[in-house]
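Have a look at the structure below before the remarks.
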Amino acid sequence: MGTSLSSWRRQGRRLGIAVLFVAVGTGLWEFQERQHKDAYTWMGVPTWEEFRPTTIHRVLRNDGYLVGWSDVRVNPLWVSYQVEAIDDSSIGSRPNFQADWRTLWPVGTDSYAGSGYDRGHLAPNYAIAAVHGRSAQVDTFLMSNMTPQRPQLNRQLWQRLEEVVMDHFAPRFDRLQVITGPVFPERFMDNVFNRVGLVEVPEAFYKIIVAPHNEAPLALAFIMPQDVRGNEPLDDYLVTIDDIEARTGLNFFPELTTEVESVLEGELRIQGWALEEVARRPGRFQ
DNA sequence: TTTATTGT
């Protein structure tokens with residue numbers, strides 16, 4: 001017969017070698033993936049609480065930060081990155097905005113033109129550039145890192161918060177984990193046509209800052225609405241992480257034990273941050 | 001310019 005016993009053996013060996021290669025390759029890939037996520041997240045990548053079209057997303061990897069991208073909202077639902085105190089505050093010049101072809105829908109650099117909304121960074125230019133370098137800085141100008149923000153928020157209140165993270169919080173702790181993203185109205189259909197091009201317009205934005213180095217980690221969380229003057233005290237917008245989870249349908253830090261989680265996410269504790277020292281610090285821009 | 005658009 002054409003298929004002799006030795007030929008079967010040969011094919012079996014080949015198959016075995018192929019399986020071995022796939023197994024080793026997959027293992028290496030998962031190892032790399034895990035290392036990458038460990039560098040940019042703390043206590044796990046954000047997940048959705050329940051399976052809904054508006055909370056489903058996929059993770060885009062960038063230099064310096066991760067994005068949870070939603071093709072339904074045409075928005076990042078979260079970005080995750082870490083910062084530390086830096087000695088040299090100089091960074092490279094602002095790169096150009098650029099389209100991200102990993103997104104299902106085309107969002108061009110001119111998509112926001114004439115809309116009255118800014119292309120607001122979620123992972124900020126300055127912090128990422130200062131901590132993670134030039135190629136990470138370039139990545140923050142991907143349109144998949146943008147979401148429509150009113151100028152008074154983006155250039156005033158939100159900028160003040162980002163400045164406080166790097167200039168006040170980071171020097172107080174070894175390292176900070178930051179997760180930030182948009183908040184949408186509760187009912188999807190109420191906002192479904194409120195879009196800049198294809199991009200749904202959020203009603204507010206959240207930012208979670210964790211100092212994980214302690215045995216008892218500290219967290220501070222904010223929700224800031226689109227409609228602000230810009231000179232409000234930052235502490236007017238303090239919330240709990242549970243509040244943000246309720247508004248977004250996401251689950252942050254899924255690997256926390258339930259005991260730590262109930263304190264860190266359920267209680268509003270501002271001790272240790274000295275927020276009152278900087279809550280009224282004026283913005284850089286007018 | 002640690003934000004960004006508009007208009008030249």
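Each chain gets a letter, A, B and so on, in the order its sequence line appears, and its residues count up from 1. None of the values given here were measured: they were computed from a predicted structure.
Under 4.0 angstrom from either OP1 or OP2 of B/dT2 there lies no side-chain N or O belonging to A/H121. Dashed line: the shortest gap from a side-chain N or O of A/R119 to OP1 or OP2 of B/dA4 is not under 4.0 Å. Put simply, A/R94 has no side-chain N or O that comes within less than 4.0 Å of OP1 or OP2 on B/dT1.
Counted by atom type alone, A/S90 and A/D88 present one or more donor-acceptor pairs between their side chains at under 3.5 Å.
If you measure from atom CZ of A/F97 to atom P of B/dT6, you get 12 Å, rounded to the nearest angstrom. One interatomic measurement links the two molecules: CZ of A/F141 to C1' of B/dA4, which rounds to 10 Å at whole-angstrom precision. Distance CD (A/Q156) to C1' (B/dT2): 13 Å, rounded to an integer number of Å. One atom, CZ of A/R155, and another, P of B/dT1, lie 16 Å apart when rounded to the nearest Å. Distance A/E162 CD to B/dT1 P: 17 Å, rounded to the nearest Å. Remark: P of B/dT3 and CE of A/M146 are 10 Å apart, rounded to the nearest angstrom. If you take CG of A/L176 and C1' of B/dT2, they are 16 Å apart, rounded to a whole angstrom. Computed from coordinates, the A/Q226 CD to B/dT3 P distance equals 18 Å when rounded to whole Å.
Separating the P atom of B/dA4 from that of B/dT8 is a span of 23 Å, rounded to the nearest Å. Atom P of B/dG7 sits at a distance of 22 Å from the matching atom of B/dT3, rounded to the whole Å.
By the 4.0 Å N-to-carboxylate-O rule, A/D118 lies close enough to A/R155 to be salt-bridged with it. The pair A/E203-A/R247 meets the salt-bridge criterion, with a side-chain N (NZ, NE, NH1 or NH2) lying under 4.0 Å from an Asp/Glu carboxylate O.
Checked against the 6.0 Å centroid criterion, the rings of A/Y237 and A/F222 do not qualify as a close aromatic pair. For A/W78 and A/H57, the ring centers are positioned less than 6.0 Å apart.
Contact of A/D167 with B/dT2 (side chain to base): a donor-acceptor pair of N or O atoms is detected under 3.5 Å.
Across all strands shown, A/G114 has heavy atoms under 4.0 Å from sugar-phosphate atoms exclusively, and none from any base.
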